[in-house]
Novice: 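Below you will find the structure I want to go over with you.
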Amino acid sequence: MTTTATTAATPRITAREAAPAQPARGSEIRRHELAAFLRSRRERIAPEQVGLPRGVRRRTPGLRREEVAQLAAVGVTWYTWLEQARDIQVSVQVLDALARTLMLDASERAHLFQLAGATDPTPAASCSGVTDAQRELLRQLEPVPACIQNSRYDILAYNRTYARLLCDLDAIPPEDRNCMLLVHTNSDWRASIVHLDETMRLMAARLRASMAGHLAEPAWKMLVKRLSESPEFRENWERYEVVGNRTKTKEFLNPYVGRLSLVHTDLWLSPQSGARMVTYTPKNEETRLRLEKLYELATAGDVS
């Protein structure tokens, strides 16, 4: 008996089936766009703008790759791969560091995160949660200084008196409008706080207490990374102190109207881990009159 061997038919693969999937192609295009964007932003920054010497043998326009890597605290090889459009993962913390190093404005920063396929966690990217009614309430509270903050100390909205209470808040980029950052980095903000050391220690303890429920969230990790550049913050953070929220009196030294004694109150807009309206009501008649004067200056445009 003759046996006929049977072989499985080999399926034919068409050119269309063999081609890479479209999403992969789209990802490759974004990587090349990201690489080109980073190079263009790097080349427009003069070394002197970031405190580096130009030198006599510099041929690269703007900054070198290794200089960007050093300023952003990332590996030189890793950053080189990023500019070579390699398929590597990039965290929001690194994107934030690159955006600050390359001095990106709000539109450029948004473009950077979009090309990287990441969501910008800073309050500048989204101030959702602040309603028109809440903004109107902030205005109605004037001349009492008031703002809306989240538990990470991001300032999401504020009224005109608050805008001039500690510094010219309107001049601060939205992504830097964070009380923790300002108390460690802004000279005007720091000079306005009478009990600065005590305030920084208390704020670090409150931030640590709030962070317990957000340990894996990029925005929180990014904030702590930025703050860790400050020796004062590192010292307080390493104490591992925690403290809850409470009403308290705060003393400020405003450059326009003098010393202010204010009662700090948190009005919660959502569960206690969420957003809150922070108000500063005058503790005495002298402070009330000075707040009215500050409000008049702010609304008349005489404060700058």
Side-chain angles (χ1 to χ4, degrees), residues 106 122-124 127 129-204 206-207 230 232 245-269 275-304:
T122 65
C127 286
V130 179
T131 66
D132 290 340
Q134 290 166 353
R135 293 182 189 277
E136 178 61 25
L137 182 56
L138 289 175
R139 287 190 289 269
Q140 292 294 328
L141 285 170
E142 293 172 337
V144 170
C147 70
I148 294 177
Q149 296 179 19
N150 59 21
S151 56
R152 203 171 54 238
Y153 283 106
D154 295 325
I155 302 170
L156 306 180
Y158 52 91
N159 62 18
R160 288 169 290 187
T161 319
Y162 186 86
R164 299 297 184 269
L165 180 63
L166 294 151
C167 72
D168 182 2
L169 194 56
D170 292 334
I172 303 296
E175 62 268 20
D176 293 334
R177 289 177 192 160
N178 176 283
C179 294
M180 285 296 295
L181 286 175
L182 292 168
V183 80
H184 289 91
T185 63
N186 185 281
S187 58
D188 292 338
W189 191 284
R190 291 166 62 88
S192 297
I193 298 177
V194 175
H195 306 291
L196 180 61
D197 291 340
E198 177 186 345
T199 297
M200 289 191 295
R201 182 171 177 174
L202 178 62
M203 290 177 70
R206 287 185 64 180
L207 182 69
S230 164
E232 294 165 314
N245 300 287
R246 60 180 184 268
T247 297
K248 53 193 169 294
T249 299
K250 290 194 173 184
E251 302 286 339
F252 297 132
L253 189 60
N254 185 271
Y256 306 105
V257 298
R259 194 181 185 101
L260 299 168
S261 182
L262 302 167
V263 178
H264 171 122
T265 304
D266 289 324
L267 306 173
W268 297 98
L269 305 176
R276 64 187 184 273
M277 183 172 292
V278 180
T279 63
Y280 291 97
T281 53
K283 189 174 183 179
N284 51 50
E285 181 65 13
E286 183 180 29
T287 294
R288 186 186 68 79
L289 294 174
R290 290 179 177 179
L291 281 182
E292 290 179 353
K293 181 180 178 182
L294 180 62
Y295 170 66
E296 291 173 1
L297 292 171
T299 55
D302 294 336
V303 176
S304 59

Novice: Check E285 with R288, please: is the shortest side-chain N to carboxylate O separation under 4.0 Å?
Specialist: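 Salt bridge flag = yes for E285 with R288.
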Novice: If we only count heavy atoms from C-beta on, is the R164 to L297 side-chain gap below 4.5 Å?
Specialist: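 Answer no - side chains too far apart.
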Novice: Holding to side chain to side chain contact (heavy atoms under 4.5 Å, CB included), I want the full list of residues that pass it with P143, two or more places apart in sequence or in another chain.
Specialist: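 Applying side chain to side chain contact (heavy atoms under 4.5 Å, CB included) to P143 gives T161, E292, Y295.
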Novice: Got a sec, which residues hit side chain to side chain donor-acceptor pair (under 3.5 Å) with N159, two or more places apart in sequence or on another chain?
Specialist: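 Listed in chain order: nothing, the list is empty.
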Novice: Starting at OG1 of T185, measure out to CE of M180 and round the result to the nearest 0.5 Å.
Specialist: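 With rounding to 0.5 Å, OG1 (T185) is 10.5 Å from CE (M180).
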Novice: With side chains defined as the heavy atoms from C-beta onward, is the minimum distance between L165 and L262 less than 4.5 Å?
Specialist: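 L165 vs L262: side chains touch.
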Novice: For S230, what residues pass the side chain to side chain contact (heavy atoms under 4.5 Å, CB included) criterion, not counting sequence neighbours?
Specialist: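 Testing S230 for side chain to side chain contact (heavy atoms under 4.5 Å, CB included), a comparison that skips the adjacent residues, returns H184, E232, F233.
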Novice: Distance-only, no hydrogens or angles: does the T287 side chain make a donor-acceptor pair with backbone N or O of S261 under 3.5 Å?
Specialist: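 Yes, the answer is positive, given that a donor and an acceptor are paired below the 3.5 Å cut-off.
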Novice: Quick one: side chain to side chain donor-acceptor pair (under 3.5 Å) partners of S187, sequence neighbours excluded?
Specialist: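 Per chain and number, S187 pairs via side chain to side chain donor-acceptor pair (under 3.5 Å) with no residue.
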Novice: For T265, check side chain to side chain contact (heavy atoms under 4.5 Å, CB included) against everything at least two apart and list the hits.
Specialist: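 T265 satisfies side chain to side chain contact (heavy atoms under 4.5 Å, CB included) with T247, V263, L267, T279 only.
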Novice: Using a 4.5 Å cut-off on heavy atoms from C-beta on, say whether the side chain of R135 contacts that of I148.
Specialist: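 They are not in side-chain contact.
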Novice: Would R139 and E136 satisfy salt bridge (Lys or Arg N to Asp or Glu O under 4.0 Å), going step by step from the backbone distance to the final call?
Specialist: CA-CA 5 Å; R139 287 190 289 269; E136 178 61 25; 2.8 Å; yes
Novice: Got a sec, which residues hit ring-ring contact (aromatic ring centres under 6.0 Å, His included) with Y158, two or more places apart in sequence or on another chain?
Specialist: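 Not a single residue meets the ring-ring contact (aromatic ring centres under 6.0 Å, His included) criterion with Y158.
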Novice: By ring-ring contact (aromatic ring centres under 6.0 Å, His included), which residues pair with Y280, not counting sequence neighbours?
Specialist: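 Listed in chain order: F252, H264.
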Novice: So, using side chain to side chain contact (heavy atoms under 4.5 Å, CB included) as the criterion, who are the partners of R276 when residues are at least two apart?
Specialist: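 Residues passing side chain to side chain contact (heavy atoms under 4.5 Å, CB included) with R276: Q149, Y153, R206, D266, W268, V278.
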Novice: For K250, check side chain to side chain donor-acceptor pair (under 3.5 Å) against everything at least two apart and list the hits.
Specialist: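 Side chain to side chain donor-acceptor pair (under 3.5 Å) list for K250, sorted by chain: empty.
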Novice: Who passes salt bridge (Lys or Arg N to Asp or Glu O under 4.0 Å) against R259, sequence neighbours left out?
Specialist: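 Expected list: E251.
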Novice: Show every donor-acceptor pair shorter than 3.5 Å between a side-chain atom in residues 191-198 and any protein atom, with sequence neighbours excluded, or say none if there are none.
Specialist:
| from | atom 1 | to | atom 2 | distance (Å) |
| --- | --- | --- | --- | --- |
| S192 | OG | L166 | O | 3.0 |
| S192 | OG | D188 | O | 3.0 |

Novice: What's the spacing between L260 CG and N284 CG if we round to 0.5 Å?
Specialist: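 One finds 9.0 Å between CG of L260 and CG of N284.
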